[in-house]
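Only one structure is covered here, and it is reproduced in the block below.
Just so we're on the same page: letters track the sequence lines, and every chain starts at 1.
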Amino acid sequence: MAQSTSENNTPALKLFNTLTGQLEPFLPLDSAGKPEGQPECQKVKMYVCGPTVYDDAHLGHARCYITWDVLYRFLKFLGYKVEYVRNVTDVDDKILNRAKERGETPAELAERNYHSFTADMKALNVLPPDKEPRATEYIGEMLQGIQAIMDKGAAYRTTDGSVYFRVSAKADYGKLKFGTNDPEALKKHLEDLKSGARVEVDEEKESPLDFALWKAVPLSDANGWESPWPAAGADKGWGRPGWHMECSAMNHAVFGEQIDIHAGGADLIFPHHENEIAQSEAWTGHQPFAKYWLHNGFVNVSGEKMSKSLGNFSTIKKLLERYDANTIRYFLLTNHYRMPVDFNDESLQAAENRVKKMHRTIQAAVKFLNLDNTQLGSLVIKDSSDLMQMTQLKKLIAALNEDMNTAQGLKHLNYAQGQLNLALQDQVPLDEELKIYSIGVAYPEDTDKVRIIKNCLIDLISVFYHLGFSFELIFKTSISNLENLKLQDAVSQRKTAKAEKNWVEADRIRNEILAQGYQILDNKDGTTTVEKDGVEILRV
RNA sequence: GGCGGCAUGGCCAAGUGGUAAGGCAGGAGUCUGCAAAACUCUCACCCCCAGUUCGAAUCUGGGUGCCGCCUCCA
């Protein structure tokens with residue numbers, strides 16, 4: 001539809017491709033031969049590097065997976081048939097070491113952390129991928145790939161039965177890191193890289209840049225797999241896959257030789273993604289392995305780089321104790337995904353203030369329209385060809401088309417909220433078209449005000465939804481019945497005091513309620529609303 | 001040492017060469033017993049210097065400062 005393409009029929013969505021170092025129009029491989037400008041019939045193969053499940057997920061994971069969640073949602077909204085694959089790395093030295101420390105098997109540890117990760121993602125309202133392949137399930141595919149690479153002369157064995165990738169066999173090695181295909185430039189860059197490389201232990205490596213596809217381990221090691229490459233004198237090979245091989249193997253198995261999007265954190269550009277490209281392209285002989293390489297920026301914590309060594313990393317669980325998922329998402333989306341982002345209380349607090357106001361407005365509209373909380377989802381415009389007069393939703397698409405400019409997107413979210421607030425208090429919304437059309441569940445008896453509010457609400461929650469905010473959190477409260485009764489009692493006592501113009505007593509009761517962590521709001525119609533964390537829990 | 005990124009109001013942050021989005025905080029007002037919420041109004045010549053241009057936050061060169069990758073990390 002027109003919304004996903006510009007006037008001259010080129011795709012409107014542009015993404016920054018690390019491979020070329022440029023902003024590029026998004027054209028999936030599957031678009032060849034398809035009618036132009038109809039994403040609804042085009043497939044998109046999207047792969048995101050998943051977690052290594054050796055510990056609880058941290059802020060870096062949150063930023064990464066929320067970023068690509070927004071892209072996934074957007075591509076689907078535009079009409080692409082997206083197959084989103086996010087792997088789980090469950091074989092790795094870190095997992096082995098951690099399991100040893102804890103006295104459990106690597107499989108147990110991985111399983112536990114995988115479930116913890118899944119729970120975190122759900123709590124953050126990150127959509128599950130279509131497939132979550134696990135590295136250990138693809139050892140056979142890895143062995144096959146390694147053999148294929150060796151057969152093509154791009155890898156070699158060492159006497160202990162390890163296999164290394166021969167970087168010199170790949171003329172364009174370094175193209176991702178350096179963003180160029182120029183052989184002369186790459187040659188120079190690689191020389192610089194080599195001179196800066198740390199000393200490698202393996203004397204048999206032809207070049208310090210060569211990396212392991214397969215690491216031999218002693219036959220006595222329980223955490224190994226049989227390989228076709230025995231050490232000198234042994235009758236059977238034994239070892240573990242190199243770090244990068246898993247992604248190549250899973251991509252090959254699930255998607256085939258080429259994919260559209262490969263995304264992950266910027267720290268993976270080198271060496272992980274560079275090596276993945278090298279081995280995958282050497283394996284299949286087809287390039288590019290991935291057409292678009294997308295990377296999200298780093299996470300800092302209060303101005304410092306978040307890192308394992310600094311010990312300043314916070315887990316998602318810890319963060320969620322303090323801020324809800326919509327706040328975290330709002331905060332992240334105010335920053336462009338490629339820029340570094342700094343987690344600090346001041347910024348999170350600003351996001352929280354904003355999100356609470358957003359929740360409050362939506363609650364008010366839901367109440368006014370007498371909707372059931374669960375009805376919100378069904379009101380969302382989910383098809384980009386059905387935008388009609390949803391002006392802010394249209395603007396959201398335009399913003400996301402520009403390399404996922406979510407900060408601009410939030411501007412439209414905020415504007416939509418402003419419109420709804422105006423409508424709720426009988427003021428004329430600035431956008432005339434919102435008054436004219438009738439959309440969603442419209443009934444003949446709807447008054448102008450009902451229709452306007454409904455239109456404003458649909459525009460707002462559609463933007464809200466497509467940015468991945470959670471509806472559930474708008475209405476989420478946790479308050480016991482006993483507490484509820486106490487509050488009701490207090491509010492009605494205050495009402496009596498107010499009626500008697502006993503302001504001292506009325507204020508005393510209000511302060512008591514405030515002290516318990518509730519907000520109290522007197523409405524124009526004489527009712528009183530009690531809120532907790534910006535969510536209405538009582539209206540008397 | 002090699003490569004790359006970023007410098008925008010008190011804070012966070014967008015910005016496609018044409019005269020500075022948005023948010024948070026603040027100030028003034030409307031409403032209100034007061035307060036809160038909501039609404040209205042208000043709050044920046046974009047690190048420095050030079051250049052290109054009719055015109056630059058946006059392009060070029062130089063400087064200063066901060067950060068990252070090159071080692072496991074999303």
Residues in side chain to side chain donor-acceptor pair (under 3.5 Å) contact with [X], at least two apart in sequence or another chain:
X	answer
A:K188	A:D192
A:H273	A:H295
A:E346	none
A:T52	none

(request) Return each pair, listed once, that meets salt bridge (Lys or Arg N to Asp or Glu O under 4.0 Å) where at least one residue sits in residues 122-131 of chain A; pairs must be two or more places apart or across chains. (result) A:E83-A:K131

(request) Determine which pairs satisfy salt bridge (Lys or Arg N to Asp or Glu O under 4.0 Å) with at least one residue from residues 507-523 of chain A, sequence neighbours left out, and list them in order. (result)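 Listed by first then second residue: A:R494-A:D522, A:K498-A:D522, A:E505-A:R508, A:D507-A:R510, A:R508-A:E512.
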
(message) Without decimals, in angstroms, what is the distance between A:N511 CG and B:C34 C1'?
(response)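 After rounding, the reported distance stands at 11 Å.
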
(message) According to ring pair (Phe, Tyr, Trp, His ring centres under 6.0 Å), who are the partners of A:Y65, at least two apart in sequence or on a separate chain?
(response) A:F117

(request) Counting heavy atoms from C-beta on, name the nucleotide in B:C69, B:A74, B:C39 closest to the side chain of A:K177. (result) B:C69

(request) Select base, sugar-phosphate, or nothing to describe what A:R63 touches, counting heavy atoms under 4.0 Å on all strands. (result) nothing

(request) Would you classify A:V299 as touching base, sugar-phosphate or nothing, given that sugar-phosphate means primed atoms plus P, OP1 and OP2, and contacts are heavy atoms under 4.0 Å? (result)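 Base contact.
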
Nearest-angstrom distance, [atom1] atom, [N] to [M]:
N	M	atom1	result
B:U16	B:A36	C1'	42 Å
B:G62	B:A28	P	49 Å
B:G4	B:G10	P	33 Å

(request) Evaluate the ring planes of A:H359 and A:F464, with Trp represented by its six-membered ring, and classify them as parallel (under 30°), tilted (30 to 60°) or perpendicular (over 60°). (result)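 The rings of A:H359 and A:F464 stand perpendicular, inter-plane angle above 60°.
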
(request) Measure the acute angle between the ring planes of A:Y173 and A:F270, then classify it against the limits of 30° and 60° as parallel, tilted or perpendicular. (result) perpendicular

(message) Quick check: on RNA chain B, is the nucleotide nearest A:G265 upstream (toward 5') of the one nearest A:H189, or the reverse? Name the residue that is more 5'.
(response) A:H189

Review item, nucleotides 35-37 of chain B N/O atoms under 3.5 Å of protein N/O:
residue: B:A35; atom: N6; partner: A:D522; partner atom: O; Å: 3.4
residue: B:A35; atom: N1; partner: A:D522; partner atom: N; Å: 3.1
residue: B:A35; atom: N3; partner: A:R510; partner atom: NH1; Å: 2.9
residue: B:A36; atom: N1; partner: A:D522; partner atom: O; Å: 3.2

(request) Could you tell me whether the side chain of A:D507 has a donor or acceptor atom within less than 3.5 Å of a complementary atom in the base of B:G33? (result) yes

(request) Using the aromatic ring of A:W503 (for Trp, its six-membered ring), decide whether it stacks on the base of B:G33 within the limits of 5.5 Å and 30°. (result)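 Yes, A:W503 stacks on the base of B:G33.
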
Atom pairs, protein N/O to nucleotides 10-16 of chain B N/O, distance under 3.5 Å:
residue: B:A13; atom: OP1; partner: A:N335; partner atom: ND2; Å: 3.3
residue: B:A13; atom: O3'; partner: A:T334; partner atom: O; Å: 3.4
residue: B:A13; atom: O2'; partner: A:T334; partner atom: O; Å: 3.2
residue: B:A14; atom: OP1; partner: A:H336; partner atom: N; Å: 3.0
residue: B:A14; atom: O3'; partner: A:N405; partner atom: ND2; Å: 3.2
residue: B:A14; atom: O2'; partner: A:N405; partner atom: ND2; Å: 3.4
residue: B:A14; atom: O2'; partner: A:Q408; partner atom: NE2; Å: 2.7
residue: B:G15; atom: OP1; partner: A:N405; partner atom: ND2; Å: 3.3

